[in-house]
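Just so it is clear: chains get the letters A, B, ... in the order the sequence lines come, proteins before strands, and each one is counted from 1.
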Protein chains: 2
Amino acid sequence: VVELKEVHKDYSLGKVNVPALKGISLTIGEGDFVSVAGPSGSGKTTLLNLIGCIDRPTRGELHITGQNLERLRDRELTELRHRTLGFIFQTFNLIPVLNVYENVEFPLLLGKRKQSRKEEKEWIDHIINEVGLGDRKKHRPNELSGGQRQRVAIARALVTRPQIVLADEPTANLDSATSERIIELMKKINEEQKTTFIFSTHDPMIVDMVDHVIRLHDGVIISGSTS
Amino acid sequence: VVELKEVHKDYSLGKVNVPALKGISLTIGEGDFVSVAGPSGSGKTTLLNLIGCIDRPTRGELHITGQNLERLRDRELTELRHRTLGFIFQTFNLIPVLNVYENVEFPLLLGKRKQSRKEEKEWIDHIINEVGLGDRKKHRPNELSGGQRQRVAIARALVTRPQIVLADEPTANLDSATSERIIELMKKINEEQKTTFIFSTHDPMIVDMVDHVIRLHDGVIISGSTS
Ligand SMILES: Nc1ncnc2c1ncn2[C@@H]1O[C@H](COP(=O)(O)OP(=O)(O)OP(=O)(O)O)[C@@H](O)[C@H]1O
Ligand SMILES: Nc1ncnc2c1ncn2[C@@H]1O[C@H](COP(=O)(O)OP(=O)(O)OP(=O)(O)O)[C@@H](O)[C@H]1O
Ligand SMILES: [Mg+2]
Ligand SMILES: [Mg+2]
């Protein structure tokens, strides 16, 4: 469901070229539960941003659900992203003026409504309870702890029942008991809905619970390029 | 060097009262290397913000380096903070328009200069190299990875050689090799400069390396209130 062929990503900083990904080739199957692991600065977020259609590669091919991203215009890329993907950002990117409930509900307002209003509300409440924020629904992001904000970002990414979830360091700000609960929730969604999960993480607990690890070092895959 | 007596912190959310800390009493000695540990939402950041003079308690007493904070006006509190404390925020709070070097240099520009311009530059470069960002000095925060931003926040907190360093989840976004290197750096500063370090963390590596752990649960200390 995800295929990369010789993907490169360079950032330019004034005249300096910063090669963040240096020729990445990998495949991820539908329903896989995998993690990208590697040191700080090795390119994990960059890789997830390319797979998540948030950024474009400098060169190389990306295929998501069989579509060659290079052939899609920006508007079609955005469409694919809304329909197919859920993204948990390393920096959360919550909307400051909305409370927990409204932040989680937000992606559902962007597409056509697929359920009745009542079913939608029950689903949103269910997801919020599953991440342990049932008693914080009216709080805004600046009225939450770091780990609570992280869990809002997680709930928001899961609410549209996406085909592929990209999770960038989803447990960085969570204690081990809460982390375990969150990963169990994701494993359950993976088994019941065949959702593909792609983590980027340093958390050894996630690395232990995934089926497959793609090891990144300095922009290059050193092991695990095929599931 | 830090003493709390029956400290409470309530947040108000419209008409609802959210008690984040419910009667905290603790002492931390000069030169201690301690950590506050506890689940997400248990009050760690709130506690560090009170000790770090970033927020005031709802009731109770705080004494920092012998001074009763209640007796200080806001301007004197800010003065104490600049002179005595270094703070590593859970959300980094870097200045977006400044690059790595300028962000780390910034606290030194706020006080009177204590070294020659040349010595100051060498010290800033040294700290930046110690956190592994020597080749990223000209990057701005949005041109850095999550863990690199975290390390800028760390370097910035250490550059004024403060008496007390408050580190809120300083390794959340770091891989284990980088984390270990950072904690070793802090241990070295603790031993050489007798700097007091107070961590808030979920990272078991830090919990293993500190002399003492203060366990927080739901706004209450359940163990470790005296070093
Ligand atoms: N401004 C605020 N208004 C209302 N409630 C708040 C506010 N800030 C924090 N809280 C609540 O206070 C409690 C303690 O928050 P705090 O940030 O201290 O937790 P924490 O232990 O640092 O958590 P984490 O490990 O997730 O960072 C949380 O339950 C949070 O929802
Ligand atoms: N906009 C940018 N301009 C220049 N360089 C960048 C930019 N964004 C990222 N980089 C560099 O690209 C490299 C890879 O960054 P990336 O964010 O993918 O790392 P990462 O593996 O996610 O790290 P971390 O574990 O610290 O989050 C880093 O060395 C970073 O400095
Ligand atoms: Mg990253
Ligand atoms: Mg916190």
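At a 4.5 Å heavy-atom cutoff, the contact between Val18(A) and chain B is made by side-chain atoms alone. Only the side chain of Ser145(A) comes within contact range of chain B, judged by heavy atoms closer than 4.5 Å. Looking at Glu143(A), only its side chain comes within 4.5 Å of chain B, counting heavy atoms on both sides. Residue contact with chain A, scored on non-hydrogen atoms closer than 4.5 Å, involves the side chain of Thr91(B) exclusively. Contact annotation for Leu13(A): only side-chain heavy atoms (C-beta onward) come within less than 4.5 Å of a heavy atom of chain B.
Residue with the most contacts toward chain B among Arg140(A), Glu169(A), Arg151(A): Arg151(A) (heavy-atom pairs, distance under 4.5 Å). Contact count against chain B (heavy-atom pairs under 4.5 Å) is highest for Pro39(A) among Gly14(A), Ser179(A), Pro39(A). Among Asp168(A), Thr45(A), Asn173(A), Leu144(A), the residue with the largest count of heavy-atom pairs under 4.5 Å with chain B is Asn173(A). Across Ala20(A), Gly147(A), Ala177(A), the residue that shares the most heavy-atom pairs under 4.5 angstrom with chain B is Gly147(A).
His202(B) NE2 to Thr171(A) OG1: the interatomic distance, rounded to the nearest 0.5 Å, is 10.5 Å.
When side chains are defined from C-beta on, Ser40(A) counts as touching Gln148(B), because their heavy atoms get closer than 4.5 Å.
Taking a 6.0 Å sphere around CD of Glu70(A), one finds it holds 12 or fewer heavy atoms contributed by other residues, nucleotides or ligands.
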